[in-house]
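Working notes, beginning with the structure itself.
These values consider heavy atoms only, across backbone and side chains, with no hydrogens, waters or symmetry-generated copies.
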Amino acid sequence: MSRLVVISNRVAVPSKDANANQGGLAVALQSALREHGGIWFGWSGETTEVFSGDIHTVEGDGVTTATIDLEEQDIDEYYNGYANRTLWPLFHYRIDLTEFERDFEGGYKRVNERFADTVRPLIGEDDLVWVHDYHLIPLGMRLRERGVTNRLGFFLHTPWPPSRLLLSLPSHRRLVEALFAYDVIGFHTEDWLDSFHRYVIDMMGGSLDADGCVVVGERKVRAIVAPIGIDTAEFEAAAVSPEARFTCERMQMSSTGRRLMVGVDRLDYSKGLSERFLGYERFLQNHPDRRSLVYLLQIAPPSREKVNTYQEIRANLEALSGRINGEYADMDWVPIRYVNQGYPRAQLAGIYRAAQAALVTPLRDGMNLVAKEFVAAQDPADPGVLILSSFAGAAAQMKAAVLVNPYSAEEMADAIDTALSMPREERVRRWQTLIAGVRDQDVFWWCRLFLDALEG
């Protein structure tokens, strides 16, 4: 088996702390590296006055990480700028929030070159190189320019936008051409793959060959659908751990007989949190007799706090939750508990297990692993109900969830009513269908699917 070199913007350095709070992607990539061996390379998250290319190596828990520090200007232009103010909103269909600045694109190009220069000596002759996400689209081309002939793969964790939106990016063709340096490109869903195909065919004169590869001139790349999963067995075990059980009991005591709904999302406009609050408010309006019998716990850790748009999101949600609580709360009940912090995985598993429903309702999402974690954490004898946005990538796999249009407050209110009224027999039936998929198509399945394609 070839060694694996994973490259992403940020790296989760191994920790001996079992309670370390890590996102779904971090857990997924660490699981892949434990299975295959190799290194995980990326930005340390730290700044330096002058870029040196010095590599910080850490080994632990079966994973070796190699990180570099970036200059403040790099972070402003590459990360806060092109990645999070240009590509992220554009790829999530928010052209109204997309900023096009020449300095941003210059920083994006410069940091991808710095990544290529630094990681090049770490790549062995037979290594498979797996690049992740929109931050590093040009990296494959930069590595090819530096003589890397290894098999290169790229996986996009966000949606791929329709051509009519991508055309708004001044350098759209150059960005897509860079993808043809890779041997394999992975998308979460058929929708994102179809959007990529349409751009290549309509805007670049490309075609699909008999093997399903995308061809432009003499260049060819295999583009596949590979929906990411979670480490299901690990999360199911976490859900019955002592810490999770304590958290579950704590939530049940805190609920005082009321039914708990939970939302867990980064503080991001793509997650549809304002729309979720408004849909829940509509439920409270439509069902006054049930107001004091249910509450929503919304966990929303801040992200990208240096980007003005995210500061506005936080202020808006604080005002909205405050207004709803002010209008509907009683002396012994508030409809929304809104928390701006993250929790360790075992505690999250306990919160999920205590909930009668989860609201996973992004306006647009590449996948959304919270939906899969919620299912994995449930009590098989008395599971909660997953309310899932039709616009999340996970909806393609999780059709037994209660699917909802997150833009419609009425649909959201109806979905909440459906979930809270659902008989146990139907909840169990839906959960059994969902957990079968989450178990079968877990992170190891995802890794094998992509790497089998990459090994050719």
| For Glu249 and Arg245, what are the C-alpha separation, side-chain angles and deciding distance, and is it a salt bridge (charged side-chain N to carboxylate O under 4.0 Å, His left out)? | CA-CA 6 Å; Glu249 291 171 1; Arg245 288 179 176 175; over 6 Å; no
| query | Does NZ or CZ of Arg345 fall inside the cone over Phe235's six-membered ring, less than 6.0 Å from its centre and within 45° of the axis? | reply | no
| query | With side chains defined as the heavy atoms from C-beta onward, is the minimum distance between Leu359 and Val262 less than 4.5 Å? | reply | no
| said: Less than 4.5 Å apart, side chain to side chain, heavy atoms only: is that true for Tyr82 and Glu77? | reply: no
| field | Criterion side chain to side chain donor-acceptor pair (under 3.5 Å) on Tyr78 and Asn9, from CA distance to verdict | value | CA-CA 10 Å; Tyr78 150 77; Asn9 171 62; 2.6 Å; yes
| Of Lys372, Arg353, Arg439, which is the lone residue that meets salt bridge (Lys or Arg N to Asp or Glu O under 4.0 Å) with Glu236? | Arg439
| query | Okay, side chain of Asn368, backbone of Ala394: is any donor-acceptor separation there less than 3.5 Å? | reply | no
| said: Is a donor from one side chain sitting under 3.5 angstrom from an acceptor on the other, for Thr158 and Trp88? | reply: no
| Distance-only side-chain donor-acceptor flag, Ser52 / Asp54, under 3.5 Å | yes
Residues 208-227 side chain polar contacts: donor-acceptor under 3.5 Å, at least two apart:
| from | atom 1 | to | atom 2 | distance (Å) |
| --- | --- | --- | --- | --- |
| Asp209 | OD1 | Asp211 | N | 2.9 |
| Asp209 | OD1 | Gly212 | N | 3.0 |
| Asp209 | OD1 | Cys213 | N | 2.8 |

| request: Would you name the heavy atoms of Pro159 and Arg364 that are closest together and state the gap between them? | output: CG-CG, 3.7 Å
| To the nearest 0.5 Å, what is the distance between CD1 (Ile336) and CG (Leu296)? | 5.5 Å
| request: Sequence neighbours left out, what passes salt bridge (Lys or Arg N to Asp or Glu O under 4.0 Å) with Glu101? Give chain and number order. | output: none
| request: Tell me, with the steps shown, if Ser163 and Arg198 meet side chain to side chain donor-acceptor pair (under 3.5 Å). | output: CA-CA 7 Å; Ser163 297; Arg198 285 262 55 89; over 6 Å; no
| said: Would you say the ring centers of Tyr182 and Phe154 fall short of 6.0 Å from each other? | reply: yes
| request: Answer with yes or no whether the side chains of Glu105 and Ser171 bring together a donor and an acceptor at under 3.5 Å. | output: yes
| Hey, are the side chains of Thr118 and Phe51 touching, using non-hydrogen atoms and a 4.5 Å cut-off? | yes
| query | Between Leu128 and Glu455, which heavy-atom pair has the shortest distance, and what is it? | reply | CD1-CG, 3.4 Å
| query | Out of curiosity, Leu143 CG to Ile7 CD1, how far, rounded to the nearest 0.5 Å? | reply | 5.5 Å
| Do the ring centers of Trp43 and Phe115 come within less than 6.0 Å of each other? | no
| note | Sorted by chain and number, sequence neighbours left out, salt bridge (Lys or Arg N to Asp or Glu O under 4.0 Å) with Asp117 holds for Arg146
| request: Measure the shortest side-chain to side-chain distance between Asp365 and Phe391 over non-hydrogen atoms and say whether it is less than 4.5 angstrom. | output: no
| Which pair of heavy atoms, one from Leu267 and one from Pro302, lies closest together, and at what distance? | CB-CA, 3.9 Å
| said: I need the full list of side-chain hydrogen bond (donor to acceptor under 3.5 Å, both in side chains) pairs touching residues 120-131, with sequence neighbours left out, sorted by first then second residue. | reply: Arg3-Asp127
| task | Start with the C-alpha gap between Asp265 and Val370, add the side-chain angles, then the distance that decides, and say whether side chain to side chain contact (heavy atoms under 4.5 Å, CB included) holds. | result | CA-CA 8 Å; Asp265 310 82; Val370 168; 5.9 Å; no
| said: Are Met398 and Val438 packed together at the side-chain level, in the sense that at least one heavy-atom pair is separated by less than 4.5 angstrom? | reply: yes
| query | Got a donor-acceptor contact below 3.5 angstrom from the Thr86 side chain to the Ala83 backbone? | reply | no
| How far apart are the C-alpha atoms of Leu166 and Val176, what are their side-chain angles, what is the distance that settles it, and do they pass the side chain to side chain contact (heavy atoms under 4.5 Å, CB included) test? | CA-CA 10 Å; Leu166 188 56; Val176 179; 4.0 Å; yes
| task | Could you pull out all residues at least two apart from Asn316 that satisfy side-chain contact (heavy atoms from CB on, under 4.5 Å)? | result | Ser274
| Are any side-chain N or O atoms of Ser44 and backbone N or O atoms of Ile68, one a donor and one an acceptor, separated by less than 3.5 Å? | yes
| query | Any side-chain heavy-atom pair from Ile299 and Gln341 closer than 4.5 angstrom? | reply | no
| note | Closest heavy-atom pair, Ser241 versus Ala346, reported as atoms and distance to 0.1 Å, is OG-CB, 4.0 Å
| task | Mark yes or no for whether Thr64, through its side chain, and Gly60, through its backbone, hold a donor-acceptor pair below 3.5 Å. | result | no
| Pair Tyr134 + Trp160: ring centers closer than 6.0 Å | no
| message | Are the side chains of Glu71 and Thr47 in contact, using a 4.5 Å heavy-atom criterion? | response | no
| said: What's the separation between atom CG in Leu136 and atom CZ in Arg142, rounded to the nearest 0.5 Å? | reply: 12.0 Å
| query | Got Pro362 and Ser270 here, is their nearest side-chain heavy-atom distance under 4.5 Å? | reply | no
| Is the gap between the ring centers of His188 and Trp192 under 6.0 Å? | no
| request: Provide the full list of ring-ring contact (aromatic ring centres under 6.0 Å, His included) pairs with a residue in residues 199-232, sequence neighbours left out, each pair given once. | output: His172-Tyr199
